[in-house]
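Worksheet for the structure shown next.
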4 protein chains.
Amino acid sequence: MPYRSSDKTRQKKDSKRTSMMQAAVQVFAEKGYHAATVRDIVEIADVAVGTFYFYFPDKETLFTHLYDETADFLVQTLQQASVSRSLWPQQVQAIIQAYVNLAIFEPAIIQLLLIGGSGTPALATRRQRFRHQLTQLWQRPLTEALTNEQLPDQDSRLTAEAIVGAVDEVILKLLNLPEPELAADGTVLNLTRFVLRATGPFREKT
Amino acid sequence: MPYRSSDKTRQKKDSKRTSMMQAAVQVFAEKGYHAATVRDIVEIADVAVGTFYFYFPDKETLFTHLYDETADFLVQTLQQASVSRSLWPQQVQAIIQAYVNLAIFEPAIIQLLLIGGSGTPALATRRQRFRHQLTQLWQRPLTEALTNEQLPDQDSRLTAEAIVGAVDEVILKLLNLPEPELAADGTVLNLTRFVLRATGPFREKT
Amino acid sequence: MPYRSSDKTRQKKDSKRTSMMQAAVQVFAEKGYHAATVRDIVEIADVAVGTFYFYFPDKETLFTHLYDETADFLVQTLQQASVSRSLWPQQVQAIIQAYVNLAIFEPAIIQLLLIGGSGTPALATRRQRFRHQLTQLWQRPLTEALTNEQLPDQDSRLTAEAIVGAVDEVILKLLNLPEPELAADGTVLNLTRFVLRATGPFREKT
Amino acid sequence: MPYRSSDKTRQKKDSKRTSMMQAAVQVFAEKGYHAATVRDIVEIADVAVGTFYFYFPDKETLFTHLYDETADFLVQTLQQASVSRSLWPQQVQAIIQAYVNLAIFEPAIIQLLLIGGSGTPALATRRQRFRHQLTQLWQRPLTEALTNEQLPDQDSRLTAEAIVGAVDEVILKLLNLPEPELAADGTVLNLTRFVLRATGPFREKT
DNA sequence: CATGAATGAGGGTTCATTCAT
DNA sequence: AATGAATGAACCCTCATTCAT
């Protein structure tokens, strides 16, 4: 075996792949799909153009892959925060807390997901799916609370959509601050209050 | 429509300019800033490429100009709806009603404004300014109601931001429906309820 | 009408188009489809890259178009030479004469058609069609002579194919000479003799 | 097959080299010089890219080497068929028979040699040399027969060239058939007749 | 010997922009 | 004013070639 691939090589390979993906997230988040060039990405990752195409089939595939992966990760993370609580107020607080944490910790992720507009037809579908998942993330516990008559009657889908929009907007504004960490706790608190008001008074059942 | 020359006397003179702007709104809204080409625009407007550069210095300037104009128009329209009422609940309902009307009547306007943070650096600033204006649109009457102690104490800025996000998200979803008009009234009603719940019980003062 | 397009403009436009096509024939003939670059072509034609794409949709389309056009032209020319005579020996002589004339006058045309190999799947089909047309060009008068029993019995298709190959080979060799014109007449004479021998003794009928 | 190492002792050692050469012939014949990629070759040969450059200096060298080797092999084979007979008609039949056999048995060889004048400057020379050898292959016995006055007076070089072209064309057509073997015998027969007619009536001398 | 990750020049194509008419 | 032919920088991607392992 004149060429061992499971040693350092493997690590370097993965590191290169990873650094390109990170660079890609950064550039895509910053400039959007069209304005981001492959050259931008490889320059940041400090590799040659050809290397990009050694690891990824093309720009669009990488982008959609990145989008999907990131979206799934975000949804999973929030989902876990949600199911770890049983009462609506605690669920709201947990989801928002998780979301804000993520935004502070990995702002590029959030920016990537909110690029919107229209990079490519393929993205439009992806984006819709993502928004839908986010909506369902809120709608599920909301519907349960409604079923238990713990919340006043309302259109759960519209409420969920509105919450998704509200949370995104507030978090984006938060990220635009010079030092988002400082305002994070306050934002979580007030945003939670907003959502709880918006879904009406919660009455605990026995 | 903000991009229509309001001076009837030069209607003929500016007809090309106008048709190009209308075409531009349409194309930008549909494909985003980068994917939209000058050729797309002039083809729809049925003029030559050179004509574009007679009326506008370049693509980006037109875009930012269009964005500003459209944003101002939207804000003005909602502003008027807002000031025509004196009580918070009526104001909420009026703004949302006006917003939905506009979205149904001229969806391209809304889509143009929500294209997102990509595009160009110049747009980022513009977008922030627009979001800020929208926020203030809500924050002003909200603050007044708070001052009059008609609403429970809350962070008026965060509430306003959240409302902006909520309304946008719901209206975008509405526009994605095959026949938005049919759902318009219901959306106005439920969205208004959402916002009113989110700002807490309103107590009318004498 | 501020822009008249049927005047000098038209001429210049056509001249540019023409010069690019000539350059393309030259480059394609010289290097073959793949080795020929769009940049090669525009440099010879002394225009910018963009100009190429203003006149032609893409490299492949231009190539196939050029090939078709050239092939048709060649076949037409030879066809006319053929039908202008009624007797087989005169037909043979006329076709060969016309072919050699063309080769001397416009050598790039012949080279373009014989590029062969495989530029692109699309070309393979084209090339076959062209060879088929050439074959039929010979087979038609040959069959007629056979029907009139002016030539000895033979497989007219194979004979025609063989003649096509023979003529091409000899003419290509001729073109490789430093001064093809000098050898042209002799080649026509001897090639005609070859073909006449190859189809057997001709017996004129009354 | 010319590209097969004839030394059994180093069969193992050169197995990669051999399989790459076989793969190369196949790929070059199929796609032509430029469209064939080194990757295509090594994938078929099931070795790594680097291995290619251990055995061959570069793509072009391999190609020209392959071309030369193949051309020599073909010429040798036909030569042997030619010298094994003493009379012109038998020589013609033997050469054509050998050519057709080879074409049926190893079509890639023939296709490789007929790829054409594109490729690379270096190939042009090679190709000319090969055509020249083929021409001489026919011209030698032809001249001899002429010297013996067994054939009518003619330009032996032109006749030889024409025969070369004729034979190639017919054999290429044969290879394009779905099942070339079925038509092989008939083609040999008729092609032989064609050539014999084309060189004029053969008179056996004592 | 053999590997395959890495390179970067170069190819086809697009598109914002200019300018002679 | 208006036109559209012309430009060329820049984009995405391919592929021959190298070299550390």
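Here is the naming used below: chain letters follow the sequence lines, and residue numbers restart at 1 for every chain.
- Comparing atom distances between the B:Thr51 side chain and each of F:dT7, E:dG11, F:dA2 picks out F:dA2 as nearest.
- D:Gln128 meets the side chain to side chain donor-acceptor pair (under 3.5 Å) test with no other residue; sequence neighbours excluded.
- Every residue meeting the ring-ring contact (aromatic ring centres under 6.0 Å, His included) condition with D:Phe52, not counting sequence neighbours, appears here in chain and number order: D:Phe56.
- OP1 or OP2 of F:dT3 has at least one side-chain nitrogen or oxygen of B:Lys16 nearer than 4.0 Å.
- Distances shorter than 4.0 Å separate some side-chain N or O of B:Tyr55 from OP1 or OP2 on F:dA2.
- Residue pairs meeting the salt bridge (charged side-chain N to carboxylate O under 4.0 Å, His left out) criterion with at least one partner in residues 36-56 of chain B, sequence neighbours excluded, are B:Lys31-B:Asp40.
- Shown here are the salt bridge (Lys or Arg N to Asp or Glu O under 4.0 Å) partners of B:Asp68, two or more places apart in sequence or in another chain: B:Arg126, B:Arg129.
- For the contact set between residues 57-67 of chain C and DNA chain E, defined by any heavy atom under 4.0 Å, the members are C:Asp58, C:Lys59.
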Base-pairing string, 5' to 3', of DNA chain E - Watson-Crick or wobble, under 3.5 Å, | interstrand: .||||||||||||||||||||
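- The side chain of C:Thr37 lies closest to E:dG11 when the candidates are F:dA16, E:dG11, E:dC1.
- A close approach under 4.0 Å does not occur between any side-chain nitrogen or oxygen of B:Tyr53 and OP1 or OP2 of E:dT18.
- Side chain C:Arg39 to base E:dG11: no donor-acceptor pair is found below 3.5 Å.
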